[in-house]
S.K.: 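Structure provided below as structure tokens; questions to follow.
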Amino acid sequence: MGSSTTSLLDRAGLDRKAARRRLARGLEGADDGELYFEYAQSEMLVFDNGRLKQATYNTDQGFGLRAVKEEAVGYAHSSDVSEAALARAAEAVRAVKGGYCGAYAEPPGRTNVRLYGDDNPLGAPAFETKVKLLETIDAYARARDPRVRQVSISFGASWQVIEILRGDGESYRDVRPLVRVNISVVVGKGDRQEAGSHGYGGREDFSHFLTTQAWQAAADDAVRQALVNLEAVPAPAGEMDVVLAPGWPGIMLHEAVGHGLEGDFNRKRTSAFADLMGQRVASKGVTVVDDGTIAQRRGSLSIDDEGTPTSRTVLIEDGVLVGYMQDRHNARLMGMKPTGNGRRQSYAHAPMPRMTNTYMLAGEHAAGEIIASVKDGIYAVNFGGGQVDITSGKYVFQVTEAYKIDGGKLGRPLKGAMLIGNGPTDLNRIGMIGNDFELDPGIGTCGKNGQGVPVGVGQPTLRMDRITVGGTG
């Protein structure tokens, strides 16, 4: 694709005036809404078991037209970017209004911030260079230890350009690069096999991520995790203190707490945090932020998918609930301001409140001091999948790398540990907060209502007191 300065409408051969006429027809009498155009390119290379297993390149484009009437939303989308398709979409979304005549909402504010340039990460380095590098990484990982039995590596990249037209004549544009590298290994000893993985990425081109230092560190960590798990003993079960490592373990905060602070769940009162604004919901010292403005991070955008500039939104401040993440629709219905959290997976999806980069701020304790304070517990370093009930706040998380803590010292690695609890309750069980804040390496994807979007998480080392651990020992 060429420069993103070319309008997406021009690229599709669509007359701008005609598009605006159809938009006006669809939004006549609506409270809000927009016409969202998207052009996206993506590539994925997967190298598994010594050979290239997948090499895919995709191009996708389309539009979504949304009309908002009070709490109702009409949405139509198409991969056919033509005036005829727009006309059909306009008639479809008009049906939601049924003679209703509202006052069209004020447009999003403008920002001079542009987190990303026009550079497209796809195609560089060349395909042959990437395949050769995949072979090199595979050989390097296998040479790290004779117990390595399988290696899988993937390079993924996407480049998305969006354009938003509103019924008041305003328009907004954004360019969004994204890359990710993942290395997974399986090691074995006799009949026992264990896995380890390390992924990393962000919103820039491949050059930073494919340096020798970067991929060797990732391969080393994947092999290290797998070998640790090969020596792991069954995790104990019961109620005990849990220390969470910094960085990626913030995924637990994201799932168990973050979703409950999204505007739609609170407007509908289906969140465990509904109606608690201004009240204490966490231990003193706990401050949780959602920040979509951090350059090159996986969850960062110049503007959200409604055109609102992203922002740094404080959600919990020193233990007190002070904010929700809002899109335009829920913010208007709740009498609040949009926070730049209106996100959608693609043009085929309507926007809704979603997290960007959600994290807990640092405290004052050294990580060693926190571990030393635990007489009997576990140290959770890496997490796999988890499940959360937004209404009750109950969660279950799989810990993929963990260690026993005995008498303030790290002991044997553990296998099969699960953390079981309640997000709103356990926010009040945070006993110590570390001074070693980290963001995750750039691997998060958040699912909600069938939509997946890239996100970031982060936190310092944390001690959570008396958490239920499900184990196999």
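Quantities reported herein were computed from a predicted structural model and do not represent experimental measurements.
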S.K.: Does Asn357 use its side chain to pair, donor to acceptor, with the backbone of Gly299 at less than 3.5 Å?
M.R.: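 Between the backbone of Gly299 and the side chain of Asn357 there is a qualifying donor-acceptor contact (under 3.5 Å).
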S.K.: For the side-chain contact (heavy atoms from CB on, under 4.5 Å) test, which of Ile371, Ile430, Val242, Val374 pairs with Arg463?
M.R.: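 When Ile371, Ile430, Val242, Val374 are each tested with Arg463, the side-chain contact (heavy atoms from CB on, under 4.5 Å) holds only for Val374.
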S.K.: Between Arg298 and Thr445, is there a side-chain donor-acceptor contact under 3.5 Å, judged purely by atom types and distance?
M.R.: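 On atom types as modelled, these side chains qualify, holding a pair under 3.5 Å.
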S.K.: Rounded to the nearest 0.5 Å, what's the gap from CZ on Arg203 to CG on Leu301? Could you check?
M.R.: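 It is 5.0 Å, given to the nearest 0.5 Å.
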S.K.: Would Asp60 and Ser79 count as having a side-chain donor-acceptor pair, cut-off 3.5 Å?
M.R.: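 No - no donor-acceptor pair under 3.5 Å links their side chains.
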S.K.: Go through it in stages, so that I can follow the logic: the residues are Asp264 and Arg267, the test is salt bridge (Lys or Arg N to Asp or Glu O under 4.0 Å), and I'd like the CA-CA distance, side-chain angles, deciding distance and then a yes or no.
M.R.: CA-CA 5 Å; Asp264 48 353; Arg267 176 175 66 83; over 6 Å; no
S.K.: Tell me yes or no: between the side chains of Asp80 and Ser78, is some donor less than 3.5 Å from an acceptor?
M.R.: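 Judged by distance alone, the side chains do not pair up.
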S.K.: What's the separation between atom OH in Tyr403 and atom CG in Leu410, rounded to the nearest 0.5 Å?
M.R.: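 Answer rounded to 0.5 Å: 8.0 Å.
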S.K.: Verify, without hydrogens or angle tests, whether Thr339 (side chain) and Gln326 (backbone) share a donor-acceptor contact under 3.5 angstrom.
M.R.: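 At least one qualifying donor-acceptor pair exists.
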S.K.: Treating Lys448 as the side-chain partner and His259 as the backbone partner, does any N or O pair qualify as donor plus acceptor under 3.5 Å?
M.R.: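 Not confirmed, Lys448 side chain does not pair with His259 backbone.
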S.K.: For a quick test of reading the model, state the closest non-hydrogen atom pair linking Tyr36 to Ile164 and the distance between them.
M.R.: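 Closest approach of Tyr36 to Ile164: CD1-CG1, 3.8 Å.
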S.K.: With a 4.5 Å cut-off on side-chain heavy atoms, are Leu178 and Pro454 touching?
M.R.: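 Yes, their side chains come closer than 4.5 Å.
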S.K.: For the pair Trp248 (side chain) and Gly444 (backbone), establish whether a donor and an acceptor sit closer than 3.5 Å, ignoring hydrogens and angles.
M.R.: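 Checked: no pair found.
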S.K.: Quick check: does any side chain N or O of Arg354 sit under 3.5 Å from a backbone N or O of Thr356, one acting as donor and the other as acceptor?
M.R.: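 Pair absent, no side-chain N/O of Arg354 close to backbone of Thr356.
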S.K.: Under 3.5 Å, is there a donor-acceptor pair between the Asp290 and Thr358 side chains?
M.R.: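 Checked: Asp290/Thr358 side chains pair up, N/O donor to acceptor below 3.5 Å.
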S.K.: With side chain to side chain donor-acceptor pair (under 3.5 Å) as the criterion, how do Asn422 and Ser392 come out once you've worked through the C-alpha distance, each side chain's angles and the decisive distance to 0.1 Å?
M.R.: CA-CA 8 Å; Asn422 178 284; Ser392 67; 5.1 Å; no
S.K.: Any ion pair linking Lys284 and Asp318 (charged N to carboxylate O, less than 4.0 Å)?
M.R.: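 Judged by the 4.0 Å cut-off on N to carboxylate O distance, Asp318 and Lys284 do form a salt bridge.
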S.K.: Quick one: CG on Leu315 to CZ on Phe273, what's the gap to the nearest 0.5 Å?
M.R.: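 Reported to 0.5 Å precision, the distance equals 10.0 Å.
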S.K.: Is atom NZ of Lys337 surrounded by more than 12 heavy atoms (other residues, nucleotides or ligands) closer than 6.0 Å?
M.R.: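 12 or below, so no.
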S.K.: Does any N or O in the side chain of Glu38 come within less than 3.5 Å of the main-chain N or O of Tyr347, such that one atom is a donor and the other an acceptor?
M.R.: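 Looks like yes, one N/O pair under 3.5 Å.
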S.K.: Quick one, Glu306 with Arg332, criterion salt bridge (Lys or Arg N to Asp or Glu O under 4.0 Å). Give me CA distance, side-chain angles, the key distance, then yes/no.
M.R.: CA-CA 14 Å; Glu306 298 176 303; Arg332 178 173 56 82; over 6 Å; no
S.K.: Any side-chain to backbone donor/acceptor pair from Thr270 onto Phe265? Under 3.5 Å, distance only.
M.R.: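 Answer holds: yes.
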S.K.: Taking the six-membered ring of Tyr172 as reference, does the NZ or CZ atom of Arg110 fall below 6.0 Å from its centre and within a 45° cone about the axis?
M.R.: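 So Arg110 does make the cation-pi contact.
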S.K.: Would you give the length of the straight line joining atom CG of Leu65 to atom CD of Glu34, rounded to the nearest 0.5 angstrom?
M.R.: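 Going from the CG atom of Leu65 to the CD atom of Glu34 covers 8.0 Å.
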S.K.: For a 4.5 angstrom cut-off between non-hydrogen side-chain atoms, does Asp304 reach Asp327?
M.R.: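 Result no, sub-4.5 Å side-chain heavy-atom pair not found.
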S.K.: Would you check if Tyr75 and Arg344 make a side-chain contact, meaning some heavy-atom pair closer than 4.5 Å?
M.R.: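 Tyr75 reaches Arg344 side chain to side chain.
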S.K.: Just verifying a value: how many Å separate Phe155 CZ and Asn182 CG, rounded to the nearest 0.5 Å?
M.R.: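 CG of Asn182 is found 10.5 Å from CZ of Phe155.
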S.K.: Counting heavy atoms not belonging to Gln279, are there more than 12 under 6.0 Å from its CD?
M.R.: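 Buried by this count: over 12 neighbours within 6.0 Å.
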S.K.: For Ala272 versus Gly393, what's the shortest heavy-atom pair and its separation?
M.R.: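 Where Ala272 meets Gly393 most closely, the heavy atoms are CB-N, 4.3 Å.
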S.K.: Work out which heavy atom in Leu419 is nearest to a heavy atom in Leu244; give both atom names and the distance.
M.R.: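 Taking every non-hydrogen atom into account, CD1-CD2, 4.0 Å.
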S.K.: With heavy-atom distances below 4.5 Å as the criterion, would you say the side chains of Pro460 and Glu364 are in contact?
M.R.: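 The answer is no, as the side chains (C-beta and beyond) never meet within the 4.5 Å cut-off.
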S.K.: Say whether Asn330 and Tyr324, considering side chains only, have a donor N or O and an acceptor N or O under 3.5 Å apart.
M.R.: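 Result is no, nothing qualifies.
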S.K.: Would you say that more than 12 heavy atoms from the other residues, nucleotides or ligands in this model lie under 6.0 Å from the CD of Glu170, or not?
M.R.: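 Yes, because the 6.0 Å sphere around CD of Glu170 holds more than 12 heavy atoms from other groups.
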S.K.: Does a side-chain N-to-carboxylate-O contact under 4.0 Å join Arg176 and Asp305?
M.R.: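 Yes.
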S.K.: Say whether, by atom type as modelled, one donor and one acceptor occur between the side chain of Asp440 and the main chain of Gly458 under 3.5 angstrom.
M.R.: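 No, the answer is negative, given that no donor and acceptor are paired below the 3.5 Å cut-off.
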S.K.: Could you check whether Arg16 and Ser7, counting side-chain N and O atoms only, form a donor-acceptor pair closer than 3.5 Å?
M.R.: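 Indeed, the side chains of Ser7 and Arg16 share at least one donor-acceptor pair under 3.5 Å.
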S.K.: So which atom in Ala218 and which in Ile183 form the shortest heavy-atom distance, rounded to 0.1 Å?
M.R.: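 Between these two residues, the closest heavy atoms are CB-CD1, 3.8 Å.
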S.K.: Which distance, rounded to the nearest 0.5 Å, do you find between the CG of Asn266 and the NZ of Lys268?
M.R.: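 Between Asn266 CG and Lys268 NZ, I get 11.5 Å after rounding to 0.5 Å.
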S.K.: Give me the atom names and distance for the closest heavy-atom approach of Arg328 to Pro107.
M.R.: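 For Arg328 versus Pro107, the nearest heavy atoms are NH1-C, 3.8 Å.
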S.K.: Look at atom CD of Glu83 and say whether more than 12 heavy atoms of other residues, nucleotides or ligands are closer to it than 6.0 Å.
M.R.: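 More than 12 within 6.0 Å, yes.
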S.K.: Tell me whether Glu43 contacts the main-chain N or O of Ala157 through its side chain, where contact means a donor paired with an acceptor under 3.5 Å.
M.R.: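 Not confirmed, Glu43 side chain does not pair with Ala157 backbone.
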S.K.: Classify the ring geometry of Phe209 against Tyr200: parallel below 30°, tilted from 30° to 60°, perpendicular beyond 60°.
M.R.: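 Rings of Phe209 and Tyr200: tilted, as their planes differ by 30° to 60°.
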S.K.: Between Arg166 and Asp168 (salt bridge meaning N to carboxylate O under 4.0 Å), is one present in this structure?
M.R.: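 Salt bridge flag = yes for Asp168 with Arg166.
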S.K.: Quick check: closest heavy atoms across Arg20 and Ser171, and the distance to 0.1 Å?
M.R.: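 For Arg20 and Ser171, the tightest heavy-atom pair comes out as NH2-CB, 3.9 Å.
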S.K.: State, yes or no, whether a side-chain contact exists between Val73 and Arg66 at a heavy-atom distance under 4.5 Å.
M.R.: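 The answer is yes, as the side chains (C-beta and beyond) meet within the 4.5 Å cut-off.
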